[in-house]
Amino acid sequence: MNIQPDAGAARFGWLRLLVLLLLSGLAHGHPLGNNTVNRQAVLTITPAHVALRYVLDLAEIPTLLAAQTADGDGDGVTTATEWDAYARQRGDEIRAGILLSASGRALAPSLVATRWQRLAGAAGLDTLRLQADLVAPLHAYTSARIDYRDLRLPDEAGWKEVVAIGGRGARLLQADVPARSPSRDLTAYPDGGLSVPNVLAARVEITVPPLARKPQASVAAAAPMPARPATATTAAPPVAHAAAPAPGVAAFFRLGVHHIVLGLDHLVFLLGLMAAQNSLRRLVWVVTAFTAAHSLTLGLAAGGIVVLPGLWVEAAIGLSIVYVGIANLRGELRHGAVIAFAFGLVHGLGFAGALAASLAGSQIGGSDWLLDLALFNLGVEAGQFAFVLLVLLLVLAVRTLKVAWPRQMQAMPGAVVGLLGMYWTVQPALALSGVVL
């Protein structure tokens with residue numbers, strides 16, 4: 001197959017034009033992703049007690065690992081009884097990691113109920129929602145300052161929010177957290193890019209009449225779990241009373257494919273690399289170098305051997321996209337394989353991301369950990385290979401049209417790639433400064 005461009009045409013000009021078509025409408029890198037554990041704490045304050053509804057929303061990878069942990073007898077099937085025990089264990093961990101006080105006096109919350117749901121997620125896998133209901137008695141206060149702090153895994157990747165509500169008989173005078181959930185109870189996340197909330201504490205000023213009655217734990221126990229809206233991807237009913245098979249060995253492979261498909265920043269970089277080549281032979285070398293490099297650092301990062309701040313990695317990935325955009329504007333990427341390998345090392349850290357934290361529950365170096373990591377990486381490579389093959393087929397199809405495009409059009413893909421790279425560079429840089437873009 002000969003895809004060498006004709007004289008007078010820009011190097012791989014058809015591929016550059018195809019890049020422009022495929023990039024139209026793209027403006028964001030990774031979403032929250034399938035490696036995150038999102039959490040919400042809802043404080044409901046009444047004259048008698050402080051009720052806490054604590055919800056965890058586990059994405060696909062943490063759910064896979066939770067299923068392995070919950071399967072206590074190791075028979076490959078996670079029963080409702082096993083999930084109930086797992087939920088109680090997580091509820092005890094949540095209670096132990098909570099600090100709650102009223103006007104400087106420590107409160108002792110009790111765990112009164114736990115519940116769980118498995119919902120349809122990406123790549124044919126499930127996500128998991130866990131809820132722990134806690135209650136702490138209040139003494140006879142006419143006014144009080146309620147302080148809440150979550151000490152659990154402060155660096156865990158995911159959305160973290162706290163909501164405070166005044167219950168019947170109590171009035172909130174001031175609070176540093178909202179009274180309504182910005183994510184609709186962890187069901188619809190606003191598009192904040194990399195700058196997701198990391199709220200783990202709250203201070204609430206309340207006024208209450210003098211009371212001496214005992215707290216009623218049934219109020220917290222009756223609080224329903226927030227349900228996801230009925231959509232095509234999340235409408236699966238909870239299976240809290242049925243056994244569910246443990247995830248198969250192909251689960252991490254499917255997640256790897258899903259990860260590369262949704263990793264728009266990685267795909268844009270790969271498209272920029274491809275468009276900057278002037279022969280199929282150079283293209284093969286460049287893609288191979290990129291693949292080898294990101295496979296290396298994916299393993300090192302997931303194993304905890306190489307650890308870099310996530311926002312710095314995302315900013316470096318953005319700069320790599322800017323570089324290939326400029327190379328496309330110049331018409332050539334010099335030392336393409338070397339550049340692809342160098343930037344591939346950075347992209348591998350991005351592929352790892354929260355995967356390292358998700359796999360941390362498994363024994364590093366053990367067979368299960370290595371298998372999960374290998375399958376995830378194979379999924380990434382399979383998705384990348386399919387993407388490259390699809391682009392090449394589309395290039396050949398477009399070339400058969402034999403349309404002469406203006407030179408200005410051939411420069412546009414490089415400009416678009418560079419601008420997207422600048423966006424993905426500035427966004428984490430602003431997040432490091434506490435600014436949400």
Side-chain angles (χ1 to χ4, degrees), residues 37-58 84 86-117 128-141 143-154 156 158-187 197-208 211 213-227:
V37 177
N38 309 303
R39 67 178 89 167
Q40 178 199 55
V42 179
L43 297 165
T44 303
I45 305 169
T46 73
H49 60 248
V50 177
L52 171 62
R53 186 183 72 206
Y54 194 107
V55 180
L56 293 175
D57 174 27
L58 283 71
D84 289 341
Y86 178 80
R88 286 193 298 272
Q89 178 184 351
R90 295 298 296 269
D92 288 334
E93 294 172 358
I94 291 169
R95 180 184 58 80
I98 294 300
L99 291 183
L100 198 61
S101 65
S103 297
R105 182 174 182 177
L107 302 177
S110 301
L111 180 65
V112 296
T114 57
R115 61 199 74 195
W116 56 273
Q117 289 178 308
L128 179 68
R129 288 175 69 86
L130 291 172
Q131 177 175 320
D133 295 319
L134 300 96
V135 65
L138 275 180
H139 299 279
Y141 290 107
S143 63
R145 185 190 73 245
I146 306 298
D147 288 295
Y148 165 84
R149 188 176 180 187
D150 185 358
L151 303 179
R152 294 182 58 257
L153 303 172
E156 185 177 48
W159 182 287
K160 306 178 186 72
E161 67 176 45
V162 181
V163 175
I165 303 171
R168 185 174 182 180
R171 185 165 64 92
L172 269 61
L173 300 178
Q174 186 176 359
D176 58 2
V177 293
R180 299 182 62 181
S181 168
S183 66
R184 299 182 187 177
D185 295 327
L186 303 184
T187 63
N198 189 43
V199 181
L200 295 171
R203 172 167 291 185
V204 183
E205 302 282 348
I206 64 167
T207 179
V208 297
L211 291 174
R213 73 185 189 198
K214 297 181 179 180
Q216 299 178 2
S218 59
V219 175
M225 174 178 287

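Partners of Arg203 under the side chain to side chain donor-acceptor pair (under 3.5 Å) rule, at least two apart in sequence or in another chain, are Asp147. For Asp150, the salt bridge (charged side-chain N to carboxylate O under 4.0 Å, His left out) partners at least two apart in sequence or on another chain are Arg39. For Ser181, the side chain to side chain donor-acceptor pair (under 3.5 Å) partners two or more places apart in sequence, or in a different chain, are Gln40, Glu161, Ser183. For Arg149, the side chain to side chain donor-acceptor pair (under 3.5 Å) test picks out no residue, with sequence neighbours left out. Under the side-chain contact (heavy atoms from CB on, under 4.5 Å) criterion, Leu111 pairs with Asp92, Arg95, Thr114, Ala132, Leu134, not counting sequence neighbours. The side-chain contact (heavy atoms from CB on, under 4.5 Å) test applied to Gln89 returns Glu93, not counting sequence neighbours. Taking Asn198 as the reference, Lys160 meet the side chain to side chain donor-acceptor pair (under 3.5 Å) condition, with sequence neighbours excluded.
For the pair Pro47 and Leu138, the tightest heavy-atom approach, listed with the atom from each and the gap, is O-CB, 4.0 Å. Pairing each heavy atom of Ala144 with each of Ser103, the nearest pair is CA-OG, 3.4 Å. Closest of all the heavy-atom pairs between Leu107 and Pro137 is CD2-O, 3.5 Å. Shortest non-hydrogen contact noted between Gly167 and Thr46 is CA-CG2, 3.9 Å. Listed here is the closest heavy atom pair of Ala164 and Val204: CB-CG2, 3.7 Å. Here the shortest heavy-atom pairing between Val163 and Val177 reads C-CG2, 4.3 Å.
For the pair Thr44 and Val50, the minimum side-chain heavy-atom distance is 4.5 Å or more. Using a 4.5 Å heavy-atom threshold, the side chains of Pro182 and Trp159 count as touching. Ile165 is not listed as a side-chain neighbour of Leu43, based on a closest heavy-atom distance of 4.5 Å or more. Side-chain contact between Tyr148 and Leu99: absent, with no pair of heavy atoms (C-beta onward) separated by less than 4.5 Å.
Distance CG/Leu200 to CG/Leu153: 10.0 Å, rounded to 0.5 Å. From Asn38, atom CG reaches atom CG of Leu56 across 9.0 Å, with rounding to the nearest 0.5 Å. Rounding to the nearest 0.5 Å places CD1 of Ile94 at 5.0 Å from CZ of Arg152. Distance check, rounded to the nearest 0.5 Å: CG of Leu58 to CG of Leu130 gives 6.0 Å. How far CG of Asp133 is from OG of Ser110: 12.5 Å, rounded to the nearest 0.5 Å. Atom CZ of Arg171 sits about 13.0 Å away from atom CD1 of Ile45, to the nearest 0.5 Å.
Inspection of the Trp116 and Asp84 side chains reveals an N or O donor paired with an N or O acceptor under 3.5 Å. In this structure, a donor-acceptor pair under 3.5 Å is absent between the side chains of Arg90 and Tyr54.
Pairs of residues two or more places apart, or lying in two chains, that qualify as ring-ring contact (aromatic ring centres under 6.0 Å, His included) and include a residue from residues 86-111 are Trp83-Tyr86. Listed by first and then second residue, the salt bridge (charged side-chain N to carboxylate O under 4.0 Å, His left out) pairs that reach into residues 173-183 come to none, sequence neighbours excluded.
Thr207 places no side-chain N or O within donor-acceptor distance of the main-chain N or O of Ser143, the cut-off being under 3.5 Å.
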